[in-house]
K.L.:
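So that we are looking at the same thing, I have put the structure below in structure tokens.
Keep in mind that what you see is a predicted model, and the values were worked out from it rather than measured. FYI, the numbering just counts along the sequence from 1.
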Amino acid sequence: IAEDHRVFIALFVVPLVWFYFYGFLLFLVDMLGSPEFRARYKVQKSIVINSGEYWNAFKVSLFNWFFLTLPYIYSISYYAVPRLVPSMPPLPTVWVFVRDMAVYILVEEVMFYFSHRALHHPSLYGPIHKFHHKYTAPFGIAAIYAHPIEHLLSNVVPVSVGSLVMRSHPVLPMFWGVLALFNTMTVHSGYDFSHWGVFPAPYFHDWHHERFNENFGAIQVLDWLLGTNQQYL
């Protein structure tokens, strides 16, 4: 397989498969979870997601993946990456992995926080971001239930820019894309599985969906520095 095809598979196909695989698992949790299970793990315990809401979010996710994310990642894979990385770098060492991941996290936090906070401005919230806030108690695939402008501005671009800056081997943004999806889908899932170790706690972002005006970032750092988490604390 040509290098640019491998890049496209790494940056688009693998995260796409992961999104729908993990989304299906969370769907089963919502549909098959017993009242006792929800009482133990659900954050907003009184709200039960129904199949109609899932179907609506599923249709939006298909549009955002195939009409927005696909052409964006295609352009990166076949035009940007070959120019930024003319020859494929060697597989990353542990140091390169840690360094690049740190940059990815920092870049995403800054870009996501400020774009997300901007979308809460009254002039942008109604026409764009209110769409995502339809679900005050979100669920897995609703992580990308977003207006097209928001999906590109706040979801796709912040996750992708770090790897372009670092000119990384495609295996790193592939891993990062899967990790970013795992994180955002888990914190949108409405369930707290954090005591199992690998799952992030959902409370920080769930609070944002419930209250709207706090907790704009992905990892809480800028919210803490800029004081946009005072009621949450």
K.L.:
Are F216 and H120 an aromatic pair, judged by ring center distance below 6.0 Å?
P.N.:
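Ring-ring flag for H120/F216: true, centres closer than 6.0 Å.
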
K.L.:
Determine whether R38 and K45 make a side-chain contact, defined as any pair of heavy atoms from C-beta on separated by less than 4.5 Å.
P.N.:
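Side-chain contact under 4.5 Å: no.
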
K.L.:
Could you check whether any side-chain N or O of E214 sits under 3.5 Å from a backbone N or O of Q231, counting only pairs where one atom can act as donor and the other as acceptor?
P.N.:
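Flag set: sc E214 to bb Q231 pair under 3.5 Å.
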
K.L.:
Please find out if less than 6.0 Å separates the ring center of H129 from that of H147.
P.N.:
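No, the ring of H129 stays outside the 6.0 Å limit from the ring of H147, centre to centre.
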
K.L.:
When the aromatic ring centroids of Y20 and F27 are compared, is their separation below 6.0 Å?
P.N.:
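No; F27 has its ring centre 6.0 Å or more from that of Y20.
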
K.L.:
Measure the acute angle between the ring planes of W207 and Y232, then classify it against the limits of 30° and 60° as parallel, tilted or perpendicular.
P.N.:
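Judged by the thresholds at 30° and 60°, the geometry between W207 and Y232 is perpendicular.
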
K.L.:
Could you check, using the six-membered ring where one of them is a Trp, whether H208 and H132 have ring centers closer than 6.0 angstrom?
P.N.:
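No - the distance between ring centres of H208 and H132 does not fall below the 6.0 Å cut-off.
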
K.L.:
Report whether L152 and L62 are members of the same hydrophobic cluster (ILVMFWY, side-chain heavy atoms less than 4.5 Å apart, transitive linking).
P.N.:
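Result: yes, single cluster for both.
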
K.L.:
Check the side chains of Y191 and D30 for a donor-acceptor pair under 3.5 angstrom, ignoring hydrogens and angles.
P.N.:
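Yes, Y191 and D30 have a side-chain donor paired with an acceptor closer than 3.5 Å.
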
K.L.:
Taking all non-hydrogen atoms of both residues into account, name the closest pair between Q230 and G227 and its distance.
P.N.:
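In this case the closest contact between Q230 and G227 is CG-O, 3.4 Å.
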
K.L.:
If you compare all heavy atoms of M111 against all heavy atoms of P158, which two are closest, and at what distance to 0.1 Å?
P.N.:
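For M111 and P158, the tightest heavy-atom pair comes out as CB-CB, 3.8 Å.
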
K.L.:
I need the F112 CZ to E108 CD distance, nearest 0.5 Å.
P.N.:
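Answer for the CZ-CD pair, F112 versus E108, is 7.0 Å.
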
K.L.:
Would N64 and Y145 satisfy side chain to side chain donor-acceptor pair (under 3.5 Å), going step by step from the backbone distance to the final call?
P.N.:
CA-CA 8 Å; N64 284 343; Y145 184 86; over 6 Å; no

K.L.:
Can you confirm whether S163 sits close enough to Y104 that some side-chain heavy atom of one is under 4.5 Å from a side-chain heavy atom of the other?
P.N.:
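Yes. Closest side-chain heavy atoms under 4.5 Å.
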
K.L.:
If hydrophobic clusters are built from ILVMFWY residues whose side chains come within less than 4.5 Å, do V187 and V29 share one?
P.N.:
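Shared cluster, no.
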
K.L.:
Are any non-hydrogen side-chain atoms of T186 and Y22 less than 4.5 angstrom apart?
P.N.:
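Yes; the side chains approach each other to less than 4.5 Å.
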
K.L.:
Does K59 NZ have over 12 foreign heavy atoms under 6.0 Å away?
P.N.:
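Yes, NZ of K59 has more than 12 neighbouring heavy atoms, counting only those of other groups under 6.0 Å.
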
K.L.:
Are the aromatic rings of F175 and F97 close, with centres under 6.0 Å apart?
P.N.:
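Under 6.0 Å, so yes.
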
K.L.:
Give a yes or no answer on whether the side chain of W176 reaches the backbone of V159 with a donor-acceptor pair at less than 3.5 Å.
P.N.:
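Pair found, side chain donor or acceptor close to backbone of V159.
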
K.L.:
Got a sec, which pairs hit side-chain hydrogen bond (donor to acceptor under 3.5 Å, both in side chains) with one end in residues 82-101, sequence neighbours left out?
P.N.:
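Sorted pair list: D100-S168.
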
K.L.:
Could you walk me through whether I105 and I219 pass the side-chain contact (heavy atoms from CB on, under 4.5 Å) check?
P.N.:
CA-CA 8 Å; I105 292 169; I219 58 171; 3.6 Å; yes

K.L.:
Quick check against the 3.5 Å criterion: does Q44 have a side-chain atom that pairs as donor or acceptor with the backbone of T136?
P.N.:
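The answer is yes, because a donor-acceptor pair under 3.5 Å joins these two groups.
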
K.L.:
Spell out, as yes or no, whether a donor-acceptor pair under 3.5 Å connects the side chain of S194 to the backbone of P200.
P.N.:
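Side chain of S194 to backbone of P200, a donor-acceptor pair under 3.5 Å: no, none is there.
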
K.L.:
For the residue pair N155 and A143, what are the closest heavy atoms and their distance?
P.N.:
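Taking every non-hydrogen atom into account, ND2-O, 4.2 Å.
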
K.L.:
L124 and A118: which non-hydrogen atoms are nearest, and at how many Å?
P.N.:
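In terms of heavy atoms, the two residues are closest at CD1-O, 3.3 Å.
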
K.L.:
Below 4.5 Å, heavy atoms only, C-beta onward: do L226 and F114 meet side chain to side chain?
P.N.:
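Of all side-chain heavy-atom pairs linking F114 with L226, at least one is under 4.5 Å.
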
K.L.:
Near F37 CZ, under 6.0 Å, is it more than 12 heavy atoms from other residues, nucleotides or ligands?
P.N.:
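Atom CZ in F37 is packed in, count exceeds 12.
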
K.L.:
Distance check, rounded to the nearest 0.5 Å: N56 atom CG versus N50 atom CG?
P.N.:
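Atom-to-atom, N56:CG and N50:CG are 10.0 Å apart.
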
K.L.:
Would you say that Y125 contacts L119 through its side chain, given a criterion of any heavy-atom pair below 4.5 Å between the two side chains?
P.N.:
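Side-chain contact under 4.5 Å: no.
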
K.L.:
Would V48 and L32 show up in the same hydrophobic cluster when neighbours are defined by side-chain heavy atoms closer than 4.5 Å?
P.N.:
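Each belongs to a different hydrophobic cluster.
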
K.L.:
Within a strict 4.5 Å, meaning less than it, do heavy atoms of the I49 and Y135 side chains meet?
P.N.:
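Answer no - side chains too far apart.
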
K.L.:
Does any N or O in the side chain of T184 come within less than 3.5 Å of the main-chain N or O of A180, such that one atom is a donor and the other an acceptor?
P.N.:
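Not a single qualifying donor-acceptor pair exists.
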
K.L.:
Is the backbone of L84 close enough, under 3.5 Å, to the side chain of R167 for a donor and an acceptor to pair up by distance?
P.N.:
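Judged by distance alone, yes, a pair lies under 3.5 Å.
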
K.L.:
Of the non-hydrogen atoms in M101 and L172, which two are nearest, and what is the gap between them?
P.N.:
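Smallest heavy-atom distance, with atoms named: CE-O, 3.4 Å.
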
K.L.:
Y54 and F58: aromatic ring centres closer than 6.0 Å?
P.N.:
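Ring centroids of Y54 and F58 are no less than 6.0 Å from each other.
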
K.L.:
Using the rule that Ile, Leu, Val, Met, Phe, Trp and Tyr join whenever any side-chain heavy atoms are under 4.5 Å apart, tell me whether V161 and L179 fall into a single cluster.
P.N.:
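Per the 4.5 Å side-chain linkage, V161 and L179 are co-clustered.
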
K.L.:
Working to the nearest 0.5 Å, report the span between CD1 of I73 and CD1 of I9.
P.N.:
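Those atoms lie 13.5 Å apart.
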
K.L.:
Work out which heavy atom in S123 is nearest to a heavy atom in P127; give both atom names and the distance.
P.N.:
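In this case the closest contact between S123 and P127 is O-CG, 3.3 Å.
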
K.L.:
Consider ring pair (Phe, Tyr, Trp, His ring centres under 6.0 Å). Of Y78, Y74, W65, which one does F12 pass it with?
P.N.:
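Going through the options one by one, the only one that passes is W65.
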
K.L.:
Hey, any chance I144 and V60 share a hydrophobic cluster, counting ILVMFWY side chains that come within less than 4.5 Å of each other, even indirectly?
P.N.:
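Yes, same cluster.
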
K.L.:
Is there side-chain contact between L26 and H188, with heavy atoms separated by less than 4.5 Å?
P.N.:
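A side-chain contact under 4.5 Å is absent here.
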
K.L.:
State, yes or no, whether a side-chain contact exists between Y72 and S160 at a heavy-atom distance under 4.5 Å.
P.N.:
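A side-chain contact under 4.5 Å exists here.
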
K.L.:
Among N215, N229, T228, exactly one meets side-chain hydrogen bond (donor to acceptor under 3.5 Å, both in side chains) together with D223. Which residue is that?
P.N.:
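It is T228; the other options fail the test.
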
K.L.:
For F24, look at atom CZ and say whether over 12 heavy atoms of other residues, nucleotides or ligands are found less than 6.0 Å away.
P.N.:
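Not more than 12 within 6.0 Å, no.
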
K.L.:
Can you confirm whether or not the ring centre of H195 sits under 6.0 Å from the ring centre of Y41?
P.N.:
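Yes; Y41 has its ring centre under 6.0 Å from that of H195.
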
